[in-house]
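Input: a single structure, listed below in structure tokens.
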Amino acid sequence: MYIDFLLLATILNFILLMIILNRLLYKPLKKYFNDRQNKIKEDLAEAERQNKIANDRVTEKNEELSNFRAGCKEIKEKIIKDAEAEREVILMAAKDKEQDLIKHAENKIMTINKKAIDDLEDRISEVIATLTGKILEEKIDSEKDKELIMKLLAKRG
């Protein structure tokens, strides 16, 4: 049996190269890729966790916004209700003032009317007194009475 030392040296050289490459290159590369794969998994898990936190915050902010909108709606309804109540108070006050003004005007009209009636009565009394005086001064027939009354009335206005 013939053993070729060159072939044996090549095989030993190849085995030795494989051992050296395994220790210096393959194992560090395998470790680097495993570490990188683990880091990516951790980063994905962290991203998922951060995404969940962000979604929770969005949900929380949406709830706060809904509560804020509901609060604003309640405030708006209260303001409208208060404004309507104030409007009713103002309308009632205006109606009361209107009634007071109407009563005041009616009283003033009544006073002016009474004064006019009193003045008219005074004038009529004066006319009657004057006529009576004239009639008593001179007794005249009915024709002269009518003339006298007409003259006095024309003179008075």
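Atom CD of Glu86 and atom CD1 of Ile90 lie 4.5 Å apart (nearest 0.5 Å). Atom CD1 of Ile102 and atom CG of Asn107 lie 12.0 Å apart (nearest 0.5 Å). The structure places CG of Leu91 at 11.0 Å from CD of Glu98, a figure rounded to the nearest 0.5 Å. Atoms CG and CD1, from Leu120 and Ile117 in turn, are 8.0 Å apart once rounded to the nearest 0.5 Å. Taking NZ of Lys41 as the reference point, atom CG of Asn38 lies at 6.0 Å (rounded to 0.5 Å). From Glu106, atom CD reaches atom CG of Leu101 across 11.0 Å, with rounding to the nearest 0.5 Å.
A salt bridge does not link Arg123 with Asp119: every distance from a Lys NZ or Arg NE/NH1/NH2 to an Asp or Glu carboxylate oxygen is 4.0 Å or more. A salt bridge links Asp43 to Lys39: one of the charged nitrogens lies within less than 4.0 Å of a carboxylate oxygen. Using a 4.0 Å cut-off between a side-chain N of Lys or Arg and a carboxylate O of Asp or Glu, Lys31 and Asp35 qualify as a salt bridge.
When each of Leu21, Ile19, Ile20, Leu25 is checked for a side-chain contact (heavy atoms from CB on, under 4.5 Å) with Arg23, only Ile19 meets the rule.
A 4.5 Å side-chain heavy-atom check between Met110 and Lys114 finds every atom pair outside the cut-off.
Atom CZ of Arg49 has more than 12 neighbouring heavy atoms from other residues, nucleotides or ligands inside a 6.0 Å radius.
Hydrophobic cluster membership is shared by Leu16 and Leu24, with clusters built from Ile, Leu, Val, Met, Phe, Trp and Tyr side chains linked at under 4.5 angstrom. Cluster annotation: Ile15 and Leu7 are assigned to the same hydrophobic cluster (Ile/Leu/Val/Met/Phe/Trp/Tyr, side-chain heavy-atom contacts under 4.5 Å, transitive).
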May I have the list of side-chain donor-acceptor pairs in residues 52-73 shorter than 3.5 Å, sequence neighbours left out?
unit_1 : atom_1 : unit_2 : atom_2 : d
Asn55  : ND2    : Asn51  : O      : 3.4
Thr59  : OG1    : Asn55  : O      : 2.8
Asn62  : ND2    : Val58  : O      : 3.4
Ser66  : OG     : Asn62  : O      : 3.0
Asn67  : ND2    : Glu63  : O      : 3.3

